[in-house]
Number of protein chains: 2
Amino acid sequence: MDLDTLAKRLEALGNVTRLAVFRALVRTGRAGAPVGYLQRRLGVPGSTLSHHLRKLIEVGLVTQERQATTLICRADFEAMTETLGFLGNECCRDLPLCASAAAEDAAAEDADRDVA
Amino acid sequence: MDLDTLAKRLEALGNVTRLAVFRALVRTGRAGAPVGYLQRRLGVPGSTLSHHLRKLIEVGLVTQERQATTLICRADFEAMTETLGFLGNECCRDLPLCASAAAEDAAAEDADRDVA
DNA sequence: GCGGTATTTCTAGAATCATCGATATAATGA
DNA sequence: TCATTATATCGATGATTCTAGAAATACCGC
């Protein structure tokens, strides 16, 4: 996974409707749920929901599987875990969370500053 | 923090340029770095960078502090930690990460399915 | 106050996005 | 085959975003 993929996934989740969809799907576990369930649950028109679902599918956070006339949607847990891991490692690694790393940060400041 | 705030922060990070800005800032630690540093480092025009920085500031992921003529930007580690925590708890809690929870998921499926 | 550096605001065009009704497609059962 | 259910695609519209040059602003040292 690269920065671009991460950004696309974050963008996909960066919309209240899609975030609600994804959260609802996560809560249905690996069983997933049909589109109609999400539609009733979230009160979103079918065409709008379909549009948002496609985005989530495009970036690999959701999968669909047809069962007769209904489409079962599932959150892709592996993809989400990978995403969270990459975000944490790539963008937040060595976070001075303990607030005690100020000293070395200050030391590194000037060195970093002039990197053209 | 609510879903709306989370969505806005994810949207802010869901752009390659802004994600790169944030990552660069995280790597400068609590010392932070001036706008000009980011500008040279990422090769982004000043007006464009300023536009993206404002977004990151709006959602609370970045702060700015003036030091003479330069503006020091800093990633807000607390906000980011809170964001990651909320995302994990609210949207990924009880993820069947171990892939062994299929049974109970199946059991919960029908119950969840018919919720209005 | 003036010149210089750092950064923002203004502006505008192109591109993308969100929304949703209408229509089309897929699968099933009678 | 036909009606029905479930869902996607089409199409149009308004809103938002991204980009970046030009102009304006903030701060400092003299």
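Chain identifiers are assigned alphabetically (A, B, ...) following the order of the sequence lines, protein sequences preceding nucleic acid strands; residue numbering begins at 1 within each chain.
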*asked:* What is the distance, to the nearest angstrom, from the CD1 atom on Ile72(A) to the C1' atom on dA6(D)?
replied: 11 Å

*Over how many whole Å does the gap from Gln39(B) atom CD to dT5(C) atom P extend?*
14 Å

*Calculate the interatomic distance between His51(A) atom NE2 and dA15(D) atom P; express it in whole Å.*
17 Å

*Nucleotide dT9(C), atom P - distance to CG of Leu49(B) in whole Å*: 13 Å

_Is it the case that the base of dA6(C) and the side chain of Thr70(B) share a donor-acceptor contact (distance under 3.5 Å, atom types as modelled)?_
no

*Roughly how many Å is it from CG in Leu38(B) to C1' in dT8(C), rounded to a whole number?*
15 Å

*Mind checking whether Val21(B) and Val44(B) have side chains closer than 4.5 Å, heavy atoms only?*
no

*Tell me: CZ of Arg54(A) to P of dC17(C), nearest whole Å?*
11 Å

*What string of B, S and - do you get for nucleotides 23-30 of chain D, 5' to 3', if B is base contact, S is sugar-phosphate-only contact and - is no contact with any protein heavy atom under 4.0 Å?*
---SBS--

_Please confirm whether the shortest side-chain N or O distance from Asn15(B) to OP1 or OP2 of dT17(D) is below 4.0 Å._
no

*asked:* Quick check: do Gln64(A) and Leu53(A) have side-chain heavy atoms less than 4.5 Å from each other?
replied: yes

*Would you mind telling me which residue lines up with the more 5' stretch of DNA chain C, Ile57(B) or Lys55(A), judged by nearest nucleotide?*
Ile57(B)

*asked:* Can you tell me which nucleotide in dA22(C), dC17(C), dC18(D) comes closest to the side chain of His52(B)?
replied: dC18(D)

*Which nucleotide in dA18(C), dT9(C), dA8(D) has an atom nearest any side-chain atom of Arg18(A)*: dA18(C)

*So, is Thr48(A) near the phosphate of dA18(C), with a side-chain N or O under 4.0 Å from OP1 or OP2?*
no

*Of the non-hydrogen atoms in Tyr37(A) and Thr28(A), which two are nearest, and what is the gap between them?*
CE2-CG2, 4.0 Å

*Consider only side-chain heavy atoms of I, L, V, M, F, W and Y, link residues closer than 4.5 Å, and tell whether Val59(A) and Val16(B) are in one cluster.*
no

*Glu65(A) CD - dT7(D) P separation (whole Å)*: 13 Å

*Non-hydrogen side-chain atoms of Leu6(B) and Leu87(B) separated by less than 4.5 Å*: yes

_Spacing between Glu58(B) atom CD and dC18(D) atom C1', to the nearest angstrom_ = 14 Å

_Would the base of dA20(D) count as contacting Ser47(B) through its side chain, where contact means a donor and an acceptor less than 3.5 Å apart?_
yes

*Look at Glu65(A) together with Arg30(A) and state whether they make a salt bridge at an N to O cut-off of under 4.0 Å.*
no

*Between dA8(D) and Gln64(A), is there an OP1 or OP2 to side-chain N/O distance shorter than 4.0 Å?*
yes

*Using the side chain to side chain contact (heavy atoms under 4.5 Å, CB included) rule, take Thr63(B) and Ile72(B) through it: C-alpha gap first, then chi angles, then the decisive distance, then the call.*
CA-CA 8 Å; Thr63(B) 61; Ile72(B) 304 296; over 6 Å; no

*Which nucleotide sits closest to the side chain of Glu11(A): dT7(D), dC17(C), dT19(D)?*
dC17(C)

